[in-house]
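No experiment lies behind these values; they were computed from the predicted model shown.
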Amino acid sequence: QVQLVESGGGLVQAGGSLRLSCAASGRTFSMYGMGWFRQAPGKEREFVAAISWSGSSSTYYTDSVKGRFTISRDNAKNMVYLQMNSLKPEDTAVYYCARQQGSVAFPTTQGYHYTYWGQGTQVTVSS
């Protein structure tokens with residue numbers, strides 16, 4: 001069973017930065033793409049960023065975070081990170097990390113292509 005645990009959320013002023021972390025269990029972490037999603041109150045869950053398995057570590061971002069967010073991974077530590085800079089109030093949401101299905105081509109922005117999910121961490125950006 002794979003477990004994902006997010007941390008690093010909090011309250012920050014607009015223009016500030018946060019770094020989210022996702023700790024993954026399992027010995028095959030490096031073989032799977034990983035993604036970050038978010039869900040704001042009253043809105044559907046949306047894709048934020050993804051990183052491919054260790055072979056190429058390609059990255060992909062939704063347009064609204066390009067240039068502000070950076071996804072990365074440390075396979076030696078089974079960790080995925082989301083560095084968020086220049087935060088805006090509209091970035092306020094619960095952020096989730098997820099592990100992509102191995103059979104799905106990278107990148108994928110569809111939540112149903114991700115098998116395992118963390119419990120989420122709240123990010124609140126004040127104006």
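Atom OG of S57 is separated from atom CZ of F106 by 9.0 Å, given to the nearest 0.5 angstrom. In this structure, M34 CE and S52 OG are separated by 12.0 Å, a value rounded to the nearest 0.5 Å. The CZ atom of R19 lies 10.5 Å from the OG1 atom of T70; values are rounded to the nearest 0.5 Å. The line from CD of Q3 to CZ of R99 is 12.5 Å long, rounded to the nearest 0.5 Å. Distance OH/Y95 to OG/S7: 15.0 Å, rounded to 0.5 Å. In this structure, OG on S17 lies 10.0 Å from CZ on R68, to the nearest 0.5 angstrom.
A heavy-atom distance below 4.5 Å is not found between the side chains of Q100 and T115. Side-chain contact check for C97 versus V80: every heavy-atom pair is 4.5 Å or farther apart. For the pair V125 and Q13, the minimum side-chain heavy-atom distance is 4.5 Å or more. Counting heavy atoms from C-beta on, the side chains of D74 and F29 never come closer than 4.5 Å. Residues T124 and V12 fail the side-chain proximity criterion, which asks for heavy atoms closer than 4.5 Å. The shortest side-chain heavy-atom distance between L18 and V123 falls under the 4.5 Å cut-off.
Ring-plane geometry between F37 and Y114 is classed as perpendicular, the angle between the planes exceeding 60 degrees on a 0 to 90 degree scale with a lower cut at 30.
Both F69 and L20 sit in one connected hydrophobic cluster of ILVMFWY residues. Membership requires side-chain heavy atoms under 4.5 Å apart, directly or through other members.
Around CD of Q122, the count of heavy atoms belonging to other residues, nucleotides or ligands within 6.0 Å exceeds 12. When the shell of 6.0 Å around NZ of K43 is examined, it contains 12 or fewer heavy atoms from other residues, nucleotides or ligands. Counted within 6.0 Å of OH on Y60, heavy atoms from surrounding residues, nucleotides or ligands total 12 or fewer; the atom is thus considered open.
F47 does not carry R38 over the face of its six-membered ring by the limits of under 6.0 Å from the centre and within 45° of the normal. Annotation: cation-pi geometry satisfied between R45 and W117 (NZ/CZ under 6.0 angstrom from ring centroid, within 45° of ring axis).
Checked against side-chain hydrogen bond (donor to acceptor under 3.5 Å, both in side chains), S58 has the following partners two or more places apart in sequence or in another chain: S56. Residues forming a side chain to side chain contact (heavy atoms under 4.5 Å, CB included) with Q110 (at least two apart in sequence, or on another chain): T108, Y112, H113.
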Residue pair M79, S21: steps toward the side chain to side chain contact (heavy atoms under 4.5 Å, CB included) verdict: CA-CA 7 Å; M79 297 289 293; S21 299; 3.7 Å; yes
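Nearest approach of Y61 to I71, heavy atoms of both residues: OH-N, 2.9 Å.
D91 has no carboxylate O lying under 4.0 Å from a charged side-chain N of K88, or vice versa, which leaves the two without a salt bridge.
One N or O on the side chain of T121 and one on the backbone of G9 form a donor-acceptor pair closer than 3.5 Å.
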